[in-house]
Structures are given as C-alpha cells and as structure tokens.
Number of protein chains: 2
Amino acid sequence: MMQSQLELRHLKTLLALAECGSVSQAAKRVFLTQSALSHQLKALEEAYGLALFERKTQPLRFTPAGERLLALARDVAARVTQAERDLARLREGEAGELRIAVECHTCFDWLMPAMDAFRQHWPAVELDIVSGFHADPVGLLLTRRADLAICSEAEPQDGVVYQPLFAYEMVLIMAKDHPLAAKPVWQAGDLADETLIHYPVPDVMLDLVRKVLKPAGVNPARRTSELTVAIIQLVASRRGVAAMPFWAVKPYLDRGYIASARIGDAGLQSELYAALRQDDAELAYMHDFLHTVREQSFATLPGLSVLA
Amino acid sequence: MMQSQLELRHLKTLLALAECGSVSQAAKRVFLTQSALSHQLKALEEAYGLALFERKTQPLRFTPAGERLLALARDVAARVTQAERDLARLREGEAGELRIAVECHTCFDWLMPAMDAFRQHWPAVELDIVSGFHADPVGLLLTRRADLAICSEAEPQDGVVYQPLFAYEMVLIMAKDHPLAAKPVWQAGDLADETLIHYPVPDVMLDLVRKVLKPAGVNPARRTSELTVAIIQLVASRRGVAAMPFWAVKPYLDRGYIASARIGDAGLQSELYAALRQDDAELAYMHDFLHTVREQSFATLPGLSVLA
DNA sequence: CTACAATCATGAGGCAATTTCATTATTTTA
DNA sequence: TAAAATAATGAAATTGCCTCATGATTGTAG
C-alpha cells in the first residue's frame, strides 16, 4: 500500500476529470490516452485504499474521498500556477506589451474574460486590442502593429509561430418553425434558397462560405449584422439562417429561441490559433496569456475540444 | 525548456534541502543519493531558467527564486498532508487509542511537542502515556497495556513490528574545568575514576554502560537523578560526568555551562524505534503519529540523523 | 430487446525519465 | 597544504509510466 506517491500529475488529472466528466475526455485534455488515466486513477485509489469515483454514471461522480482530493487539486494547482508566474516575472521582468489582433467577432466572447484574468496577473503588461477586421492579421504581427493574432488557420510563415487554442463546431441556426428545422444535418444544397446572415467581414473569414458553400458552388442571398444578438434575432424572425459557434448559441438553443443543425455529415469544425512573432514565442507572459485563454475557455464554453 | 514538469517530489526535495542545508544531507533525508538530488535540482533550474541556490556556501543559500519555490513547497506540503489525513480518517474513522510506553527520560523532550501536534490532527484518538520505566516496554504492547513503545533496539519479536524514528549521538558531558575537558574523545578507561551520573533506570537501559563500560570491564562510581536539569547542574558542579543525547545538552554547551566529549573513536550512536503490534501497523493514525514525531524532531533537535 | 457506439478496465510491452554508480571537481577544515 | 566533505557530471541501469491491443461494461438507437 501507498506504493505510488501522490504527484501533481495526479491532481491535474483529477481537475481534468472533474471538468470533463469522463475519463476518455479528460485524457484528451491532458494529452494522454484513456488507458493511461485509467491506470493512474486505479493506482490512486489503491494507494489510498478508497474509491474516489462512481464510474457507473455519466458524468462520473466523485465520492467524498474523491471530492476531498479534488479540493486539494484545485487549491494546489492555483498555488503552483501563481508560484510559476512569480518565477517567470523574476526571470523576465514584470513589463511587456500585448496587442491582440482579432479577426472574428465571436472571439470577443472568450477574449474579454481571459484578458480580465490576465490583467490581474500581469498588471505591468500593456494590454490592447487592435481592432478593425483585417483580412491579414498576421501581417500586423510582422509590421509590429500587433503582438498576437487570433486566427482560424495556421498558415506557415517565416518568423511566425502558431499556438493552438481550441477547436469547436460551427452549427447552423434557424427559426424553430423553419421547414427544415427538424433536419439534424444540413448539406450545402439546403442553403441554396436561404438568406445567409453573417458578420460584415470578407468571405475568406467565413468558414461556412470558404469550406462548404464555395466548394459546392452554392451562393445564397446574404445579409450582414455586426452583433451576435442581432443575428440571433434575425434568425428567430425567419429572416435567414446563420452559422455560429455552438458555444455561442447554446444559451439560445437551451431557451428554445432557435433551432440548430449540423453542417455536413461530419459537422463543420473550426479551429483557433494564436499567431506570435518567433522572437516573442518564449515570453512567459505570452505563454501565460495563452494558458489563461485555454483555461478560461474550456471552463466556460460548452463543447470545446482540444487542438494538437 | 520547461521539459520536466514540476512534481511534488521536487517540492519535497526543496524542503529537505532547506532543513539540511546541504544536498548530501538532504539526500539522506529523502532516501535518495546525492547524485539523484543534484540531477533533480539541476533539472529544476533549467526548467525555470533561473538559479535557485548559491552552491558555494555552507549551508547553501536560496536565491529569491529558490525562496519562492520553497514557500510553495511549504504551503503545498502542508495541504497535501492535511488532505491525506482527511482521507485516512474517511477510510478508518476518527477514533482510536494510542497509549505510549516510554523507557527513556529524555524522550519526553521530543515526545511532548509531537503529542501536542498529533492531538490537533486526531482529536478523537485517545492519547496516553504509560509511565513507570519498565525494563520491557514491548511486553506492555503484547499484554495490550500500551499501543506503542519507544525503544532503543529493534529486537525481533512475534507480533511486533519496529519503525525506525531517528538516530543521534550520545556525548559525555563534564564540568568546563574538568582535567579532561579538553580531551575531544574519551575512552572507557577515562571513566574509571569518575562518578557517573544517570537516570534511575536499570543498567540495560543505559547505552553507555551496556555498550561501552560493561564490555571494557570499567565500573565507575554512580549517582542518579530524575531530572535532566539536575544532572546538568551536578555535572557543572564537578560532582561527576554523564552521557546525554547531544541534542539534549546542546543549549547548555552553547551557553558554556559544561563541556562535552565524544565517547569512543566512532562516537556512541543511539537509535530510537517505535514498536507496534503487528495488527496496528497499518493504522493511519499510527503512521501519522510516527511521521509527526520524525518531522517535529528533525525540525527542532540538532544533530539527528535518519535511521533506515 | 438487440445491436451498435461509447466508455472503461486490464495486461503486456516499450520507452523515457530518474536513479545509481563511478569519477572528477570544488569547497571546507584541520 | 593535505585531507575530508560536498557537489557536479556522464554513462549505465532501473523503475515506472505510457501506449497498444483487447475485452468488458454501459448507454443508446432502431
């Protein structure tokens, strides 16, 4: 007994498990196999001679013992993170500059909370948003008008490195009484006679157009709006359909304002990357910002998946 | 960079290092080799890109970065210990009985603080001391009049297990103006014409008599006293010499009240073990008590060494 | 109710991280 | 200044963790 010593790795596993509710999902979160986590948890339970979870349920439930260890994990993880931030500041100093270029409207939903959290930890880093929806946010990086760019593809470019943030599914939303509202999966052709409502940005920045409609030669009517809530309202009022991140529309779906459908049989997967200048790639506050974004986003947005 | 993830193992190493002041001593404390710790610390420093210690000094000093990690270690270690205690209570319940048989007078010096700390953590465990200085404390165990016995030797016995506590050196103390006060090492023969002052216990419980004088056939005059301070006073008043644990007399040596000498060329090493009934050997509160004793003792008594 | 999909458990085997060993370098002490 | 103690280093060895492959179990759809 007590053969395997408790390690931070175990606590991180517990945190992932609590967030994901299943061993296999948690495994993806910590970049290990389901098997690895299963072994790890079994070892933990044997070490303490206590059941830590009830596995027969979905999502799995923690026993009181499991809850106690989970509380330790939350507590310790926060302290470790804080200590490592302090070390990074000792190494690189407190100050820096972080101007963020954003090309997607919905990004603000997760960007704002992340920036708020980051500001607490790095008060001396100058945070800024480079607004205006540029077709080429990476260009801003190289011309030093921004230090970090959010983008949906990692096109290799000299002097630029890409850090994966997360992936999610874009769903099609429509009025609840739309004739095709019951159809669980829409194909490109189903959109031919619809009005597509989207943000006022170039087509290359619209995943639905770029990855689905254009390849299929489908070209529906268009209408634009700046605000997410406005788009939702237009959709609910049968003025058209829109493609939105699942996490952005889930609250409206839950309340029954609108209906949603998968786009194509496999669904339309979107990815988000952060682009940085190679020189900045090792800066601690950059890493910490990206870490904060992932942590905040996974904790608050439903349906996210990890991105290698 | 950041190749090796921080683990609790590293934090434990830091704690040992802070307590011992040297890598090789710390290595003994955590039951690893000096080399292992050296590699470990180097990896830590490389992972954070920071020097954590100044090695050119004795005892070694922590840099600000090292201090920060050390603070994390103290903080986290305490929380982990507390959580594991809670788990143990979930597993085995809060209550229990812990009657301690003690055969050595000085033991009370470290036993009392340890019992105080333990009482905080296990309020429902009935703590008691079985007093009277029995020649056979292990007998009390088997007759169930005690649950734990402190003893200086681990004589194998059926149904009894021994847990090492710590080891220390017994030194000879004498008046500062004693003719042999400058002699750094005393041999058995040097005691022939002295008066030996000791606690009123059987000879088998006096390491000096049992391990040194008897084998050499030396039989000095005797005098007894119950109290450590009284013995110190008698020694300082040139009424005789005494053998005492180094940690018990260090304060008096530092203040110059008495002088001390090593007993025999290798010194007289004493060891302390806790004896338990085999049935009780897995009880969490027993383990925790032993752990508390070691922790408290190493933290407060000078010159202790670990015991396999 | 059965079949399929998803999740979890388990044992064997591979591999990488950590430890030990052996040695050299450095610092402290006598 | 020599000797003793402590620390660093590289290579070898061990340990332990992870992955793979597979079987068991649970949940779900037809």
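Throughout, protein chains are lettered first and strands after them, A, B, ... in sequence-line order, and every chain is numbered starting at 1.
Within the 3.5 Å criterion, the main-chain N or O of A/A284 finds a donor-acceptor partner in the side chain of A/E92. Under a 3.5 Å cut-off, the side chain of A/T63 and the backbone N or O of A/A51 do form a donor-acceptor pair.
Checked against salt bridge (charged side-chain N to carboxylate O under 4.0 Å, His left out), A/D86 has the following partners two or more places apart in sequence or in another chain: A/R89, B/R68. For the salt bridge (charged side-chain N to carboxylate O under 4.0 Å, His left out) test, no residue two or more places apart in sequence or in another chain qualifies with B/E271. Under the side-chain hydrogen bond (donor to acceptor under 3.5 Å, both in side chains) criterion, A/H178 pairs with A/E194, sequence neighbours left out. Under the salt bridge (charged side-chain N to carboxylate O under 4.0 Å, His left out) criterion, B/E7 pairs with A/R9, not counting sequence neighbours. Take B/D265 and apply the salt bridge (charged side-chain N to carboxylate O under 4.0 Å, His left out) test, not counting sequence neighbours, and it matches no residue. Scanning for side chain to side chain contact (heavy atoms under 4.5 Å, CB included) contacts around A/R74 gives A/L15, A/L70, with sequence neighbours left out.
Map B/Q34 and A/R55 each onto its nearest nucleotide of DNA chain D; the residue landing nearer the 5' end is B/Q34.
For residues 178-188 of chain A, the salt bridge (Lys or Arg N to Asp or Glu O under 4.0 Å) pairs, not counting sequence neighbours, are A/K183-A/D190. Legend: salt bridge (Lys or Arg N to Asp or Glu O under 4.0 Å) pairs involving residues 285-308 of chain A, not counting sequence neighbours, sorted by first then second residue: A/R85-A/D288. Listed by first and then second residue, the salt bridge (Lys or Arg N to Asp or Glu O under 4.0 Å) pairs that reach into residues 14-27 of chain B are B/E19-B/R29, sequence neighbours excluded.
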Detail all sub-3.5 Å separations between protein N/O atoms and N/O atoms belonging to nucleotides 27-30 of chain D.
residue, atom, partner, partner atom, Å
D/dG27, OP1, A/K56, O, 2.9

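The separation between B/E45 atom CD and D/dA7 atom P is 13 Å, rounded to whole Å. Distance, A/E54 CD to D/dT26 P: 13 Å, rounded to whole Å. Atom-to-atom, CG of A/L60 to P of C/dT7 comes out at 13 Å; the value is rounded to the nearest Å. Atom-to-atom, CG of A/L41 to P of D/dC18 comes out at 11 Å; the value is rounded to the nearest Å.
At D/dA8, none of the side-chain N or O atoms of B/K42 fall inside 4.0 Å of OP1 or OP2 (strictly under the cut-off). Using a 4.0 Å cut-off, some side-chain N or O of B/S38 falls inside it from OP1 or OP2 of D/dA8.
Residues from residues 7-33 of chain A with heavy atoms under 4.0 angstrom of DNA chain C, sorted by number: A/S22, A/V23, A/S24.
Residue side chain A/H39 does not reach the base of D/dG16 through any donor-acceptor N/O pair under 3.5 Å, judged by distance alone. For A/S35 against C/dT10, a side-chain N or O and a base N or O form a donor-acceptor pair under 3.5 Å.
Helix-axis bend for the helix from C/dC1-D/dG30 to C/dA30-D/dT1: the local axis fitted to the five terminal pairs at one end deviates from that at the other end by 40°, rounded to 10°.
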